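This one's a predicted model, so the numbers in the text were calculated from it and none came from an experiment. Residues take their numbers from the sequence shown, with the count starting at 1.
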Amino acid sequence: MRHLKIYHAIKMIRRHGSIRKAADLLSVSPSALNRSIQGFEESLGARIFDRVPAGVRLTSAGELLVDVVERHLVEFEDLQRQLGFLRDGHMGQLRIGIGADIAAGLPLFAIRDLEEEMPGISADVVTGDIPNLLLRRELDLAILTNPETDRAVEVLASQTVPLVALATPGWASRVGVDGAANGGANGGARVGLWDMVRSRIVVPPEGTGSRAVISHALRRHALEEGATTSVAASQLPLAMATGARSCIFPATVFAGAGTGAGGIDTAAGLMPLTVDVGTVQVSVLRHAGIPLTRPGQILLRQIERRLNALA
């Protein structure tokens with residue numbers, strides 16, 4: 001606990017570049033704060049700050065230390081938060097970021113599994129600005145398609161998932177390919193992307209891994225995107241409720257509570273189309289500096305189980 005005070009002081013000094021300014025904000029004398037910093041430097045065996053005419057600046061050793069300090073403070077704040085929930089009779093809170101193109105179906109059923117296993121858990125699900133929230137250590141876990149990663153982000157699980165195309169019952173006759181649904185079981189022509197772009201397609205939002213793969217598939221076939229409705233996965237049922245139209249989303253979106261290996265829940269009346277659009281990598285991520293709590297471990301296990309069932 002003693003080190004927490006000096007850690008906060010180091011962050012304050014770094015932010016303002018001045019021991020005096022930090023001392024004022026911490027309600028201590030500049031001389032006392034300076035002695036504390038010097039004593040910490042002696043125990044560390046390295047100088048943290050260089051004293052310069054304009055104030056102070058971090059040394060190379062200080063830069064290394066600040067990264068450890070920030071990680072330690074985040075972990076301690078998380079511990080305090082979890083202890084607070086325990087005191088209130090809860091089992092804690094899990095902050096989960098889910099990409100807009102997959103925030104339906106499988107991830108939500110996995111969260112339901114977690115809630116059944118840990119009835120006292122509070123799950124906070126967000127869908128906006130996931131990469132930045134993860135980098136700012138404001139999420140316990142993130143679930144994204146084709147994510148960009150760096151050393152600050154750790155991939156805990158990953159599974160290749162197909163993008164699937166489905167259509168409303170009246171779609172095939174609208175575009176003139178009767179019998180094409182379900183692989184042309186009634187003798188109709190095989191469906192291709194060129195058929196789909198002849199009418200409105202409901203697709204994931206721009207900036208998602210799924211939308212990038214769809215755009216690449218269209219370019220590969222030299223096709224124009226045509227009329228689209230761009231929605232988050234959670235809004236897909238409403239977007240498909242009117243008119244003859246098709247949609248392309250990751251298979252996880254259509255994986256119902258009881259679907260098994262490769263199963264697509266078509267209870268909403270949508271018909272699968274035999275269109276090869278491509279695949280996305282669904283990955284579960286965490287910030288490398290955030291410890292994986294027990295609720296996070298359970299959710300990760302449930303997501304892996306359901307992803308494996310789709311393989």
message: If you count heavy atoms of other groups shown closer than 6.0 angstrom to CZ of R20, is the number above 12?
response: no
query: Would a 4.5 Å heavy-atom cut-off, applied to side chains only, mark E63 and R14 as touching?
result: yes
Crowding at CD, E116 (>12 non-hydrogen neighbours, <6.0 Å): yes
field: Flag if over 12 foreign heavy atoms under 6.0 Å of CZ, R57
entry: no
task: Could you tell me whether the side chain of Q281 reaches within less than 4.5 Å of the side chain of L144, counting heavy atoms only?
output: no
message: Under 3.5 Å, is there a donor on one side chain and an acceptor on the other for T145 and D101?
response: yes
message: Is it true that R245 and S199 share a donor-acceptor pair across their side chains at a distance under 3.5 Å?
response: no
query: Do you see a donor-acceptor pair shorter than 3.5 Å between the side chains of Q38 and R35?
result: no
- prompt: Do S122 and L94 touch side chain to side chain, with heavy atoms closer than 4.5 Å?
  reply: no
Side-chain heavy atoms of D140 within contact of I96, under 4.5 Å: no
statement: Note: P250 and L163 closest approach over all heavy atoms is N-CD2, 3.5 Å
field: Validation row: F254, C247 side chains within 4.5 angstrom (heavy atoms)
entry: yes
- request: Answer with yes or no whether the side chains of E304 and Q159 bring together a donor and an acceptor at under 3.5 Å.
  value: no
task: Could you state whether V153 and V126 fall into the same hydrophobic cluster, counting links through intermediate Ile, Leu, Val, Met, Phe, Trp or Tyr residues with side-chain heavy atoms under 4.5 angstrom apart?
output: yes
L108 to A103 - nearest heavy-atom pair and separation: CD1-O, 4.0 Å
field: Shortest non-hydrogen separation from V277 to V213 and the atoms involved
entry: O-CG1, 4.2 Å
task: State, with a plain yes or no, whether a side-chain heavy atom of E224 is found less than 4.5 Å away from one of V197.
output: no
- prompt: Do the rings of F40 and Y7 sit parallel, tilted or perpendicular, given the 30° and 60° boundaries?
  reply: perpendicular
